[in-house]
Amino acid sequence: MNEQEPSETTTLPAATTATDDDATTNNTIGYVHVYTGNGKGKTTAAFGLAIRALMAGKRVFVGQFVKSMKYHETKIVEALATSPYHQHLRIEQFGNGCFIYQHDPTPDDIHMAVAGFKKCERILARENHKNHNESQDNCNYDLVILDEITIALKYNLLDVETVVGAIRNRHPAIEVVITGRYAPQELIDIGDVVTEMKEIKHYFKTKGVLARDGIER
Ligand code: ATP
Ligand code: MG
């Protein structure tokens, strides 16, 4: 076994974002994952976790900030439509695309991110959505993925205190995954699993390989 890896008998550190009481009342504790860094694999890892969670019977909500393109992974919702999992996965996008890299955010960019995050806040709190035309059933997600929310923070579409507050005040059973470059220290601080994808090589830079269907999008 690799000396870096914990053995099966290793005692893992106690949870930092949930208490033992949470474990007693909900029979499960959700933790906070942060996948950041400049290398490839953050969104891919989050969707990999989504599949693992779905197949374990969990409900998954994915909120994608900044993005607007229908990436191939989002088609899984349609693919599951006639399956027993059709109520278990929801993917929503709260952006106008990656144009944000090229210009200052527009009022609409900000509005979409803020409105999107308000929805995520309700989902994180497992609030009753009756007033929002959503069934209570649909609120009970076990895994909430906030894809590229760090980009929304970097471009000041959202403020970090609001995001940290909503994650801290979430229903304690919800597992949260944050993805994106430039994760601010405040998110790293509340993370229980923080992984940096570090670019060692990327074929875009070494070979000029552009984004491909089924690999990057
Ligand atoms: P993926 O979606 O492939 O898991 P990611 O979520 O880690 O990538 P982002 O930071 O969201 O990466 O980057 C957006 C796009 O840039 C994706 O198409 C991604 O594949 C690509 N990309 C990721 N890392 C690099 C890199 N080091 N150089 C160039 N392009 C990259
Ligand atoms: Mg990504």
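Start at 1 with the first residue, then count along the sequence. In each ligand, atom 1 is the first atom listed, and ligand 1 is the first ligand listed.
Residue Ala211 places no N or O, backbone or side chain, under 3.5 Å from any N or O of ligand 1. Taking distance alone, with nitrogen or oxygen atoms compared against 3.5 Å, Gly41 approaches ligand 1 more closely than that limit.
Heavy atoms from both the backbone and the side chain of Glu216 come within less than 4.0 Å of ligand 1. With a 4.0 Å cut-off on non-hydrogen atoms, Glu148 touches ligand 1 through its side chain and not its backbone. At a 4.0 Å heavy-atom cut-off, ligand 1 touches Lys40 through backbone and side chain alike.
Proximity of Arg181 to ligand 1 is established by a heavy-atom distance of less than 4.0 Å. Put simply, part of Asn38 is less than 4.0 Å from ligand 1, judged by heavy atoms.
In this structure, atom 1 (P) of ligand 1 lies nearest to the protein heavy atom Thr44 OG1, 3.3 Å. Looking only at heavy atoms of the protein, atom 27 (N) of ligand 1 is closest to Glu199 OE1, 2.5 Å. For atom 9 (P) of ligand 1, the closest non-hydrogen atom of the protein is Lys42 NZ, 3.8 Å. If you check which protein heavy atom lies closest to atom 2 (O) of ligand 1, you get Thr43 CB, 3.5 Å.
Within 6.0 Å of NZ on Lys118 lie no more than 12 heavy atoms contributed by other residues, nucleotides or ligands. Atom NZ of Lys40 has more than 12 neighbouring heavy atoms from other residues, nucleotides or ligands inside a 6.0 Å radius. In this structure, Phe204 places its CZ atom where only 12 or fewer heavy-atom neighbours from other residues, nucleotides or ligands lie under 6.0 Å away. Few gaps surround NE2 on His72; more than 12 heavy atoms of other groups in view lie less than 6.0 Å from it.
Pairing each heavy atom of Asp159 with each of Leu153, the nearest pair is C-CD2, 3.7 Å. Heavy atoms only, all atoms of each residue included: Gly63 and Phe94 are closest at CA-CE1, 3.6 Å.
In this structure, CG in Asn38 is found 10.0 Å from CD1 in Ile200, a value given to the nearest 0.5 Å. The distance from atom CG of Asn169 to atom NE2 of His171, rounded to the nearest 0.5 Å, is 13.0 Å.
For atom 15 (C) of ligand 1, the nearest protein heavy atom lies 4.0 Å or farther away. Within the 4.0 Å cut-off (strictly below), a protein heavy atom is located near atom 31 (C) of ligand 1.
Exactly one of Arg59, His88, Glu175 qualifies for a side-chain contact (heavy atoms from CB on, under 4.5 Å) with Tyr141. That residue is Arg59.
Note on the Mg ion (ligand 2): protein N, O or S atoms under 2.8 Å away count 2, no waters included.
Among Met197, His202, Lys201, the residue whose heavy atom lies nearest to atom 21 (C) of ligand 1 is His202.
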Check residues 43-53 and write down every donor-acceptor pair under 3.5 Å in which the side-chain atom is one partner and the other belongs to a residue at least two apart or another chain.
unit_1	atom_1	unit_2	atom_2	d
Thr43	OG1	Asp147	OD1	2.8
Thr43	OG1	Glu148	OE2	3.0

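The contact set between ligand 1 and Phe204, taken as ligand atoms under 4.0 Å from a residue heavy atom, comprises 29 (C).
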